[in-house]
Amino acid sequence: MSAGDAQIQRDKVEDEPEREQAESRQWEREQTHLRKNLITFNTEAWQSHTDFLGLQRIGGVDLSYPKEDDKVACASLVVLSYPELEVIYEDCQMVTVGAPYVAGYLAFREVPFLVDAIHKLKEKDPTLMPQVLLVDGNGILHHRGFGVACHLGILTDLPCIGVAKNLLQVDGLENNENHKEKIRQLRNGGDSFNLIGISGNILGAALKSCNKSSKPIYISVGHKITLETSLQLVHSCCRYRVPEPIRQADIRSREFLCKKTAISETSTTGH
DNA sequence: GCGACAG
DNA sequence: ATCTTGTCGC
């Protein structure tokens, strides 16, 4: 075996298939391209008013997956009234996922269905269109500064906020003792500290979302909103650790998935 | 070999 | 994301 063959052999064994590598290179170009349109300041009047006067509808999105089939999922979009946080719109849709989950490229797996859900709402009842979306995952706190919340924001032109349950360790950010100590110093719900990468950029913030949670959530700018506004808004939506719009989207997509899975098994069994 | 790896 | 029960605490 020549040295060249050994190199090829290593690539095949250790790395993802070449097709997927080519795909992620394409995805990377797409992210870099879309990122040029990102807006990281407040664009809406309600964002600078006290108590977000003028904000009436806030959306949440999520996807749930069954354990037995990695091709099917339930995509959900909910809209809550603000500040009451009551669900005024719910849409769950079974979908066939086309892309695998690859860290750093979550949007290419989930975002198409979320864009569909927004388009569907626009046709069904435009008056229920959310004025801001909370997205499961990160915004600019991302390998290339363009996480799923940015991606969805650009494709829908809606203000978006990234809400992640775990710290994505990029740009030198680490969930180390130093980080954990800062978390322990967060006293009350609403307390937060900025996440500054080795690049010097403020990538997001760790937020103690409610008094009871010892583990923070990680907030980052998606589109058309600042980090400061995002932190205030997300905190104002937290009855529990996970902000209500995302929590409701999560609960409802899970339920819908269970219901649909049960039905498909019934028809398969012939009952 | 070990840790990371949004969802 | 999903796999998983009870359990300790307020």
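Residue numbers start from 1 in every chain, and the chains themselves are labelled A, B, ... in the order their sequence lines are given, proteins ahead of strands. Just so it is clear, the values below take in all heavy atoms, side chains as well, and ignore hydrogens, waters and symmetry mates. Being a predicted model, the structure only gives us computed values, none of them experimental.
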Mind calculating the distance between [atom1] ([X]) and [atom2] ([N]) to the nearest angstrom?
{"X": "Tyr65(A)", "N": "dA6(B)", "atom1": "OH", "atom2": "P", "value": "13 Å"}
{"X": "His142(A)", "N": "dA6(B)", "atom1": "NE2", "atom2": "C1'", "value": "8 Å"}
{"X": "Tyr105(A)", "N": "dG7(B)", "atom1": "OH", "atom2": "P", "value": "18 Å"}
{"X": "Leu141(A)", "N": "dG7(B)", "atom1": "CG", "atom2": "P", "value": "11 Å"}
{"X": "Asp136(A)", "N": "dA6(B)", "atom1": "CG", "atom2": "P", "value": "12 Å"}
{"X": "Lys215(A)", "N": "dA6(B)", "atom1": "NZ", "atom2": "P", "value": "11 Å"}
{"X": "Leu114(A)", "N": "dG7(B)", "atom1": "CG", "atom2": "C1'", "value": "11 Å"}
{"X": "Leu106(A)", "N": "dA1(C)", "atom1": "CG", "atom2": "C1'", "value": "10 Å"}

Exercise for review: Remember a base hit wins even if backbone is also touched, and classify Gly162(A) as base, sugar-phosphate or nothing at under 4.0 Å, heavy atoms.
Suggested key: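 Nothing, no nucleic acid heavy atom in range.
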query: How is Asn138(A) classified with respect to the nucleic acid when contacts are heavy atoms under 4.0 Å: base, sugar-phosphate, or nothing?
result: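 It contacts base atoms.
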With sugar-phosphate taken as primed atoms, P, OP1 and OP2 and all else as base, the protein-contact string of nucleotides 3-10 of chain C at under 4.0 Å (heavy atoms; B, S, -) is S-------
| said: I want to know whether His179(A) and Phe193(A) have ring centres closer than 6.0 Å. | reply: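 Judged by ring-centre distance (under 6.0 Å), His179(A) and Phe193(A) do meet the cut-off.
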Inset, instruction - May I ask you to say whether Glu28(A) pairs ionically with Arg25(A), meaning some side-chain N is under 4.0 Å from a carboxylate O? - result: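 Result for this pair is no, no salt bridge flagged.
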inquiry  = Could you tell me how far dT2(C) sits from dC5(B) if I compare only their C1' atoms? Round to whole Å.
reply    =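 Those two atoms are separated by 16 Å.
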### Task
Considering only atom P, compute the distance from dC3(C) to dA4(B) and round it to an integer number of Å.
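dC3(C) and dA4(B) have their P atoms separated by 24 Å.
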Discussion item. Nearest to the Arg254(A) side chain among dA6(B), dG7(B), dA1(C), which nucleotide is it?
Written reply: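 Side chain of Arg254(A) sits closest to dA1(C).
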Under-3.5 Å N/O pairs linking protein and nucleotides 3-5 of chain B:
from	atom 1	to	atom 2	distance (Å)
dA4(B)	O3'	Gln169(A)	NE2	3.3
dC5(B)	OP1	Gln169(A)	N	3.0
dC5(B)	OP1	Gln169(A)	NE2	3.4

